Amino acid sequence: MTWTMQFAAVGIENLPEVGGKNASIGEMTRALTALGIEVPGGFAVTAGAYRRFLESAGIVDKMKSILVGLDRRDVTGVRRRSE
C-alpha cells in the first residue's frame, strides 16, 4: 500500500486515492512546474493510509456511532459531534 504520494506525481486521476484538494494541488504543481515556476515539494497522505490509521487506532466503530443520523446542514450538530 502507498502511504504518501508526492504532489508532482499527483493529478486528477488520483482523486480516489488522495482526495480533491490534494489532487488539485498536484494539478497546480504540475502546471506551474511546466511553466518554469518553482513550487516547493510536498506530499499527500493517501486515503488508504488514513483508513489504516483509523483501523489501527481502533476508532472506526466509535466514529461511526458518532456520525449516525448526522444532518450535515445542522452546523451546531456537526460542531457538537466533532468535539
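Remember, predicted model here, so these are calculated numbers, not experimental data.
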Pairwise side chain to side chain donor-acceptor pair (under 3.5 Å) hits with a residue in residues 45-63, at least two apart: none
Glu38: side-chain contact (heavy atoms from CB on, under 4.5 Å) partners, not counting sequence neighbours: none
For the student: nearest non-hydrogen atoms of Val10 and Ala23, plus distance: CG1-CA, 3.8 Å
Separation of Ser82 OG from Leu67 CG (nearest 0.5 Å): 10.0 Å
Joint hydrophobic cluster, Val60 plus Phe53, side-chain heavy atoms closer than 4.5 Å: yes
Over all atoms of both residues, closest heavy-atom pair of Pro16 and Ala47: O-CB, 3.9 Å
Reported OG1-to-CG distance for the pair Thr76 and Asp71, which is rounded to 0.5 angstrom: 11.0 Å
Atom pair CD1/CZ of Ile66 and Arg80 - distance to nearest 0.5 Å: 11.5 Å
Least distance between heavy atoms, Trp3 atom then Gly48 atom: CZ3-O, 4.3 Å
Non-hydrogen atoms of Glu27 and Ile12 that approach each other most closely: OE2-N, 2.7 Å
Check against side-chain contact (heavy atoms from CB on, under 4.5 Å), Phe43 and Asn22: CA-CA 8 Å; Phe43 64 92; Asn22 285 322; over 6 Å; no
Side-chain donor or acceptor of Arg81 paired with backbone N/O of Val68 under 3.5 Å: yes
